[in-house]
Amino acid sequence: MDNILDQLSVCIEFGKINKDSKYPPSLIDLDGAVELTKQALHDKIAAEKILNEGLMPGMQRVGEKFRDGKIFLPEVLIAAKAMSASTELLKPFFQSGEIKHKGKVILGTVTGDLHDIGKNIVKMVLEGGGWEVIDLGVNVGAEKFINSVKENSANIVGISALLTTTMQNMELITKKLKDEINDIKVIIGGAPVSQSFADLINADKYFHDPQAMLDYLNKYYNN
Amino acid sequence: MKNVILINKSIIKEFDVNSIDHQVDEKRISKLMGYDDENVPEPVIDSIRSAFTEIPKILQFKGGYKIFEPNQVKIGKEHFEISDSSFNAGKIISFNLKGSDTIAIVVATIGGKITQYLSSLMESKDILRGFIADQIASEIVERWMDNIENELEKLLIQSGIKITNRYSPGYCGWDVSDQHKLFSLLPNNFCGIKLTENALMIPIKSVSAVIGIGKNVERKDYQCSICDIEFCYKRVRNE
């Protein structure tokens with residue numbers, strides 16, 4: 001491979017976390033995302049360049065393969081785990097402002113609903129795609145969403161629901177968010193939800209899978 | 001299987017077992033996630049195997065059904081009634097219950113320990129394992145429900161009585177809020193399942209359904225083609 005950043009992008013794409021990772025077999029005993037990120041930092045490659053030319057291209061290829069039906073959600077999560085291991089090493093650069101997230105998303109499962117796996121998967125994929133995610137957990141009401149949006153100066157909220165009863169609570173939360181905060185974008189997801197329901201409750205978008213949400217955010221709201 | 005109770009002319013049965021032959025295996029779970037036999041990545045296989053080692057130790061199988069007296073049941077075009085409760089189950093379910101002489105409410109759970117296990121995976125940020133374990137748990141509770149449905153069928157077939165498919169609140173156009181009315185027709189704390197205000201069953205890995213019973217009914221393929229919920233779990237499961 002040409003250089004360390006290309007190698008890094010391949011590790012992200014195939015979920016090679018570190019040298020000890022046995023997966024994928026084609027990269028066995030080679031350095032993984034952790035070692036290559038450390039090496040790149042040691043070689044004084046700018047953190048921004050590591051992020052944009054090493055990590056992101058790997059995740060981008062993952063997204064493309066998922067969209068094309070060549071891989072499935074578990075492989076997106078495997079890649080996101082490698083991405084997460086690398087971005088952990090870049091944390092100081094995010095904190096210093098040397099590199100920036102693409103934007104900030106507030107996530108939560110709607111009032112009355114305790115299901116969190118879908119939301120957690122969305123969180124992992126968005127973080128893997130370079131977004132900062134504030135996770136409010138489950139059973140989140142309008143006030144908590146509003147407060148978090150204000151505290152974090154965010155303008156995108158993702159709400160999840162798994163039940164046809166709790167999805168009704170999305171309407172009130174969406175209304176209160178829109179009444180209270182200018183230009184807030186509300187994205188909804190979960191098994192019983194659809195684009196027609198999103199239209200009905202005046203939410204901005206519905207996505208069936210986290211990659212589609214990431215693609216949309218990257219296209220329209222990337223800082 | 002134990003605890004056979006007769007209350008008036010309704011029949012209530014409750015099951016409480018340590019293990020079942022659920023036949024949920026690596027292949028089935030891989031398929032549910034989209035894979036064929038050949039292309040399952042190693043970390044996915046590892047996560048499935050790890051979950052299959054842990055999950056059986058913590059499952060608590062409880063389930064049961066209540067068959068109502070025929071004179072308590074009425075089936076309309078878009079709704080059905082049991083005792084004084086009316087259920088707006090919609091056209092698909094009502095059509096498929098048509099011809100039933102009576103209805104059984106059936107519930108099944110694999111207990112609360114699985115919820116703790118799934119939460120612990122999520123807290124340890126092992127989302128892949130959490131996701132896969134959740135898929136396995138969901139599939140096992142459905143298979144447990146299949147077993148109870150089969151028990152019901154075996155009981156009735158001796159008298160030449162057949163059953164329909166099972167239909168659950170929240171699917172095929174039936175609003176899950178009707179769950180409250182459904183559970184009000186069962187004995188208190190039946191199988192240890194409780195409902196939250198929002199009709200969420202606790203333990204979370206629980207299922208409930210109605211099944212039509214009669215001499216002139218039959219089980220059919222799921223009619224997902226006439227339902228507009230594209231990403232429904234039933235659609236994935238029945239593919």
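Letters go in sequence order (proteins before strands), and every chain restarts at 1.
Of residues 61-73 of chain A, those residues lying under 4.5 Å from chain B by any heavy-atom pair are A:Phe72, A:Leu73. Residues of residues 125-147 of chain A never come closer than 4.5 Å to chain B when only heavy atoms are counted.
In this structure, A:Ile78 and B:Pro41 approach most closely via the heavy-atom pair CD1-CB, 4.4 Å. Shown here for B:Val44 and A:Pro74, the closest heavy-atom pair between the two residues is CG2-CB, 3.5 Å. Closest non-hydrogen pair, B:Ala199 versus A:Thr165, comes out as CB-CG2, 4.0 Å.
Residues passing the ring pair (Phe, Tyr, Trp, His ring centres under 6.0 Å) test with A:Phe197: none are found, sequence neighbours excluded. Listed by chain and number, the residues in a salt bridge (charged side-chain N to carboxylate O under 4.0 Å, His left out) with B:Glu42 amount to none (sequence neighbours excluded).
Contact annotation for A:Ile121: both backbone and side-chain heavy atoms come within less than 4.5 Å of a heavy atom of chain B. The contact between B:Ile204 and chain A is made entirely by side chain atoms (from C-beta outward), counting heavy-atom distances below 4.5 Å. If you measure heavy-atom distances from B:Leu121 to chain A, you find no contacts under 4.5 Å at all.
When the shell of 6.0 Å around NZ of A:Lys102 is examined, it contains more than 12 heavy atoms from other residues, nucleotides or ligands. In A:Lys175, the NZ atom is not crowded: 12 or fewer heavy atoms of neighbouring residues, nucleotides or ligands sit closer than 6.0 Å. Counting non-hydrogen atoms of neighbouring residues, nucleotides and ligands closer than 6.0 angstrom, the CG atom of A:Asp179 exceeds 12 such neighbours. Other residues, nucleotides and ligands contribute more than 12 heavy atoms inside 6.0 Å of the NZ atom of A:Lys185. In the displayed structure, B:Lys98 atom NZ is contacted under 6.0 Å by at most 12 heavy atoms of other residues, nucleotides or ligands. For B:Asn188, the CG atom sits in a loose shell: 12 or fewer heavy atoms of surrounding residues, nucleotides or ligands are nearer than 6.0 Å.
To the nearest 0.5 Å, atom CG of residue A:Asp113 and atom OG1 of residue B:Thr196 are 8.0 Å apart. In this structure, B:Ser138 OG and A:Ile117 CD1 are separated by 7.5 Å, a value rounded to the nearest 0.5 Å.
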Q | Test log, rule side chain to side chain contact (heavy atoms under 4.5 Å, CB included), inputs B:Leu200 and A:Thr166 | A | CA-CA 9 Å; B:Leu200 175 66; A:Thr166 56; 6.0 Å; no
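Of the listed residues (B:Ile127, B:Asp126, B:Leu128), just one forms a side chain to side chain contact (heavy atoms under 4.5 Å, CB included) with A:Lys81, and that residue is B:Asp126.
Options B:Asp134, B:Thr115, B:Val176 differ in how many heavy-atom pairs under 4.5 Å they form with chain A, and the most are formed by B:Val176. When the candidates A:Met124, A:Glu75, A:His115 are compared by the number of heavy-atom contacts under 4.5 Å with chain B, A:Glu75 comes out ahead.
Counting only heavy atoms from C-beta outward, the side chains of A:Asp116 and B:Leu118 never approach each other to under 4.5 Å.
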